[in-house]
Asks: 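I'd like to ask some things about the structure below.
What you see below is based on every heavy atom in this structure, not just the backbone, and it leaves out hydrogens, waters and symmetry mates. So that the names make sense, note that chain A is the first sequence line, chain B the second, and so on, each numbered from 1.
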Protein chains: 2
Amino acid sequence: MPKFLDSLPMILSRSLDRVMPSYRRLFQANDLTDQQWRVLRALWEKQHLTSAQISQITLLPPPSLVGILDRLEKKNLIGRLRSTEDRRHVHIIPTQKGRALMEHMMPMVEGIHDDFMQRVTESEWTEFNRILDKLSDPAEKRNLA
Amino acid sequence: MPKFLDSLPMILSRSLDRVMPSYRRLFQANDLTDQQWRVLRALWEKQHLTSAQISQITLLPPPSLVGILDRLEKKNLIGRLRSTEDRRHVHIIPTQKGRALMEHMMPMVEGIHDDFMQRVTESEWTEFNRILDKLSDPAEKRNLA
DNA sequence: TCGATTTACTTAATATATGAATTATTCATA
DNA sequence: TATGAATAATTCATATATTAAGTAAATCGA
């Protein structure tokens with residue numbers, strides 16, 4: 001008889017609720033929401049991305065992304081640039097201000113991450129990811145390996 | 001150098017995104033949102049709860065809960081009853097219709113849960129929970145001087 | 001060349017999340 | 001027994017999620 005609180009969705013939700021405040025304090029100190037940072041963070045590794053790419057990387061649904069990008073643009077942290085080759089694409093590019101903010105925040109974000117990592121051994125972290133993958137793998141891919 | 005996609009929030013979010021659709025199909029078939037089911041599910045084990053208790057069990061913040069309860073009440077699945085002893089409390093009670101819906105859905109919800117559990121061994125599940133607890137333990141309780 | 005399709009994106013409507021503040025009630029205590 | 005602190009439920013403003021439907025520019029095929 002699986003208790004409600006021990007169901008997979010509740011366990012994951014509760015963990016997220018416990019993990020996010022550490023990050024959120026930093027985001028708020030820099031006047032960003034969780035999702036706004038997610039977008040900036042995605043642009044850290046690539047210089048420019050289309051909305052669809054950002055959506056895929058950040059897991060934010062495209063309709064949600066519209067408003068998030070609007071607000072980032074209003075804060076002058078990103079710019080939109082329609083591609084000349086394929087004019088269906090819109091490139092999202094961080095501004096100078098946006099890039100400066102990212103460079104300011106990244107070390108602290110990594111610091112928070114490191115704090116969490118110090119709670120477990122490397123093999124625990126590996127094992128954790130392995131089991132979570134088994135648990136949450138999309139059903140289609142499950143019967144392969 | 002922790003990759004964005006391997007950060008704890010992203011791992012948990014992605015897993016939730018992969019787990020929820022199985023449940024969501026069932027919820028939608030019964031015209032419920034995730035959160036609305038969470039409230040009903042909490043009422044499965046106790047006959048009546050106050051808003052604050054439901055908030056604590058379901059992890060839904062009180063301001064969100066107000067609207068969720070409003071919509072459940074409008075669908076005639078729950079009722080609100082202000083306590084006579086302490087008139088600050090409001091008891092949330094499932095209606096006949098609400099209870100019937102819960103009894104209809106519970107076996108299927110448990111079936112979905114069992115499907116996920118079959119993906120891992122019992123010791124893997126135990127280990128997973130142990131590590132996740134270490135990872136997401138509230139920071140306040142750890143650094144308490 | 002024209003219509004069907006695809007891709008990327010936008011809108012609209014409803015539901016939640018978040019943080020701050022409010023209201024009504026109860027509690028604690030001087 | 002006043003009076004301030006605490007509590008429960010709620011409201012408010014803003015931001016985001018979710019789904020469905022719609023738009024516009026490119027691509028493809030007959």
Asks: Please walk me through it: do A:Asp34 and A:Arg24 pass salt bridge (Lys or Arg N to Asp or Glu O under 4.0 Å)?
Replies: CA-CA 7 Å; A:Asp34 301 2; A:Arg24 201 164 284 147; 2.7 Å; yes

Asks: Of all the nucleotides listed (C:dG19, C:dA15, C:dT26), which has the minimum atom distance to the side chain of A:Arg24?
Replies: C:dG19

Asks: Indicate the ring-plane relationship of A:Phe128 and B:Phe128, choosing parallel, tilted or perpendicular according to the 30° and 60° boundaries.
Replies: parallel

Asks: Once you round it to whole Å, what is the distance between C1' of D:dT16 and CH2 of A:Trp37?
Replies: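 Distance, rounded to whole Å: 19 Å.
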
Asks: Taking atom C1' of D:dT16 as reference, at what distance in whole Å does atom CZ of A:Arg71 sit?
Replies: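 Checked: the CZ to C1' distance equals 7 Å.
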
Asks: Is the phosphate of C:dT18, meaning OP1 or OP2, less than 4.0 Å from a side-chain N or O of A:Gln28?
Replies: no

Asks: My understanding is that a pair needs two contacts under 3.5 Å, Watson-Crick or G-U wobble. By that rule, which nucleotide pairs with C:dA30?
Replies: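 Pairing partner, where one exists within any strand: D:dT1.
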
Asks: Please report, rounded to the nearest Å, how far the C1' atom of C:dT18 is from the CZ atom of A:Phe27.
Replies: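 Atom-to-atom, A:Phe27 to C:dT18, this comes out as 15 Å.
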
Asks: Scan residues 54-73 of chain B for pairs that pass side chain to side chain donor-acceptor pair (under 3.5 Å), counting only residues two or more places apart or in two chains.
Replies: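 Counting only pairs at least two positions apart or across chains, the side chain to side chain donor-acceptor pair (under 3.5 Å) contacts touching residues 54-73 of chain B are B:Asp70-B:Arg80, B:Glu73-B:Arg80.
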
Asks: Is B:Glu124 paired with A:Arg130 through a side-chain N to carboxylate O contact shorter than 4.0 Å?
Replies: yes

Asks: In whole angstroms, how far is the P atom of C:dT18 from the CG atom of B:Leu59?
Replies: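 B:Leu59 atom CG is separated from C:dT18 atom P by 11 Å.
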
Asks: Using atom CG of A:Leu32 as one end and atom P of C:dG19 as the other, report the distance to the nearest whole Å.
Replies: 14 Å

Asks: Looking at residues at least two apart in the chain, or sitting in another chain, which of them share a side chain to side chain donor-acceptor pair (under 3.5 Å) with A:Ser123?
Replies: A:Thr121

Asks: Quick one: B:Leu60 CG to C:dT16 P, roughly how many Å, whole number?
Replies: 9 Å

Asks: For nucleotides 5-12 of chain D, just jot down a letter per nucleotide in 5' to 3' order: B, S or -, based on protein non-hydrogen atoms under 4.0 Å.
Replies: --BSSBBB

Asks: Output yes when at least one side-chain N/O atom of A:Thr33 is less than 4.0 Å from OP1 or OP2 of D:dT16, else no.
Replies: yes

Asks: Would you mind reporting whether B:Met10 and A:Arg38 have side-chain heavy atoms less than 4.5 Å apart?
Replies: yes

Asks: What integer distance in Å separates B:Gln35:CD from C:dA17:C1'?
Replies: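 So the two atoms are 9 Å apart, to the nearest Å.
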
Asks: Over 60° means perpendicular and under 30° means parallel, so classify the ring planes of A:Tyr23 and A:Phe116, tilted if in between.
Replies: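 A:Phe116 vs A:Tyr23 ring planes: parallel.
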
Asks: When the distance from CD of A:Gln36 to P of D:dA15 is rounded to whole Å, what number comes out?
Replies: 8 Å

